[in-house]
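Presented below is the structure to which this report refers.
All residue numbers in this chain count up from 1 along the given sequence.
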Amino acid sequence: MEAKLAHYRLSESEYDRICELLGRPPQGLEWALFSALWSEHCSYKSSRRHLKKFYSQSARVLESFGENAGVIDLGEGERLAFKMESHNHPSYIEPYQGAATGVGGILRDIFTMGARPIALANYLCFGEASTTIMPHLVDGVVRGIAGYGNCVGVPTVTGQTEFHSSYNGNILVNAMAVGLFAPGDPVVTSKAQGVGNLVVYVGAKTGRDGVHGASMASESFAEDSEKKRPTVQIGDPFYEKLLIESCLEVIGRGLVVAIQDMGAAGLTSSSFEMAAKGGVGLKLFLDRVPLRQEDIGPEEILLSESQERMLLIAQPENLKAIQEVFFRWGLEAQVIGEVIEAKEVELFWGPECLVRIDPLLLTDNAPNYDRAHQPWHHPHRAESLNDLVASGPSLKSGDSAWVEELKGLLASVQGCSREWVHHQYDQRVGGRTAQDAHHSVASLRLADSDRALGFTLGLRPYLMRFDARQGAMDAVAYPALELASQGFLPLAMTDCLNFGNPENPKIMSEFVASIEGMSEVCRELDVPVISGNVSFYNETQGQNITSTPSTGLVGLRNKVTSGPQGRWRQASDEIYILSLPMLHCSGQWAEWAQSSASLKGWGEIQAEGVKGLIQVLLELSAWEEGVTALRPVGKMGLAYTLARMGLESDQALGAQVDLSNWTPQGCADLKGAQRFLALAFYETLYQMVVTVKPGRGDELEEKLGHWQQSLSSLEWAHLGQVEESGFLEIRDHAEVLRLSVDEMQDIWRNAWRNHFATLA
């Protein structure tokens, strides 16, 4: 019995619960069914009770949790489906196929709803570049994403790539997909209904790849992780393209009652979940499933995660039309069962009934654990900003010291250019892309309304290492501010909650704190969480990853060609800084310069303040005759942000900035090197760099004074101007940082080659 429980990855208490539900011990295929559907990956047994805390509804939400993807109403007849999912474990074991099938799986979640996929994005976390395996993992993952997305014809337009030692043994590969419903396109769900309707298997044939993949993704890695390579699926993007077109055609013609992707746990999850959601039963004949090898047995058929397969429910009179469509595209379309009135799933092999079971026993009755966790407390807290700065390193004053700090940031793997990654992706296929991965916010043209859809990914892992609640709040607030800075009203969010072992109370405490922090900001901003994924057991030999709740936010703008950029636009523009100080943090500069233990902070993020700042940014971004550039100050602080605005400008423009007349909240007692460090390298959440056309500064200050009446903590200062000098110069009394844009460009663009010589 012990060996059987280990094989099916069930605990003794879960076995006892199964016996209680069945009134007897499990038999035959029941072992495989419970193993798959009670896995962490399928049942969310450690997270379900906490996910209910998410703010998930608004006037725009049409479909939320429980479906393949969330759907929101954009108005003017257009609707949007989007979702984010993880493929972490498979991508570490087999990076190319793991990442590729992650892309394929998230695409199927989108077109399953009836939406045409229009864009892809990814959030990637790797370990230290110096480790032996990391170049292989980076190369395989990026090629896998590109190989699938490029071939299937969906542009990969944005992403985020992080590096830290906590991911050395367990990388993260999170894929996001966005799909569009044009006016008149139907939205379909996965609820099986209609007694007598047919169950139709469509797509590719079933093989042995991916068997026990769901349960593999629900446990930690050990030394023998390489042995799990057979549980990684193999994808074919050309089949996926055929599947997209055929599925969208039969959905558009009204031939489909319900549809579900055969994702994690394959036919098992799709069939049982469709029956449970619809409150009906299914009779399935496993021997009718199209196979790649004749000797595949019932259990392997049920658990196979072969790619590019779907399950349809259709009325009998529509079968011929459905088969004509799929056969035209060279795909399978085989009837394997029917909907029955009895609320049971019956599995047959020829005339023999192998299993007859209530699907709710496997879905609604899956374990729902209340894992041990503690109320959140704020670690790494400084008593004041002075205390925060004083805890930092002792730096020598002078131009050369500050130049070396900035050059080090630009050359670090955390701060160098990601162009090698972006250049692997086709970012323009489909003709909708208005802004791609060279911008912090991707945007796409909505052809029917001539509006712009914006979306971006969030989460700064170093802030999670500082404080899980604050880092998770920032994972909503910062991308929302990025959207607003380019004129996009934030509408809704998806997430991918990547955490370590939930049986560890410390990890579970971070998980609960993250959800509560994210939901607080979502509620205040009216940005509901409409879809997502939980990935636990990202742990290798007892070493957990940084808790990483990545996010994807979408926004809407009335015009495609409007809004400021996040880079210098023209010489002589006046540079301002806007600040709504809530949390002061030593930030990623401190992590780069010292160690993760050096991260400290003072203050807290306030959701209400973020909401007020978003409104300011939306109004600023609409001032087209005045504002030319608008960019949030992000990782590594103001100096790094100013450098990036010059590096990304079309003309390699420089800037002259003087911090002497700016004394933000809490900085009155800081002097010399400590003051420069706090203003230029530490991070204040939240600050914005704004440039306006020459002579427009007085108008900007008048507007800011008006906004300050309702947002009293808003601060601003005039810092200088954009120049053609080719230098970035930042002064603060006697402290000076002066570096040529050309030298910065050389460091920033070539650093990737220094870290990954074989990939450049």
Please indicate whether [X] has more than 12 foreign heavy atoms, meaning atoms of other residues, nucleotides or ligands, lying under 6.0 Å from its [atom1].
X      : atom1 : result
Lys343 : NZ    : no
Lys191 : NZ    : no
Glu341 : CD    : no

May I ask you to decide if [Y]'s main-chain N or O and [X]'s side chain share a donor-acceptor pair within less than 3.5 Å?
X      : Y      : value
Asn88  : Val173 : yes
Asn174 : Leu172 : no
Asp287 : Gly350 : yes
Ser531 : Phe82  : yes
Thr494 : Gly552 : no
Ser58  : Pro528 : no
Arg445 : Arg432 : no

Sole candidate of Asp295, Ile301, Leu303 that passes side chain to side chain contact (heavy atoms under 4.5 Å, CB included) when paired with Arg208: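 With Arg208 as partner, Asp295, Ile301, Leu303 yield a single side chain to side chain contact (heavy atoms under 4.5 Å, CB included), made by Asp295.
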Test side chain to side chain donor-acceptor pair (under 3.5 Å) applied to His438 - qualifying residues, sequence neighbours left out: Asp436
Rounded distance [0.5 Å steps], CG in Asp139 versus NE2 in His136: 8.0 Å
Within the 3.5 Å criterion, strictly below it, is a donor on [X] or [Y] matched to an acceptor on the partner's side chain?
X      : Y      : result
Thr548 : Tyr167 : yes
Asp209 : Ser306 : yes
Asn533 : Ser86  : yes
Ser39  : Arg9   : no

Which residues share a side-chain contact (heavy atoms from CB on, under 4.5 Å) with Ala177, sequence neighbours left out: Ile106, Leu107, Ile110, Leu120
Partner set under side-chain contact (heavy atoms from CB on, under 4.5 Å) for Glu76, not counting sequence neighbours: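 Applying side-chain contact (heavy atoms from CB on, under 4.5 Å) to Glu76 gives Ser449, Arg451.
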Intermediate values then yes/no, side chain to side chain donor-acceptor pair (under 3.5 Å), Asp236 and Gln307: CA-CA 7 Å; Asp236 185 334; Gln307 297 292 284; over 6 Å; no
Criterion side chain to side chain donor-acceptor pair (under 3.5 Å) on Glu67 and Ser190, from CA distance to verdict: CA-CA 7 Å; Glu67 278 304 328; Ser190 56; 3.1 Å; yes
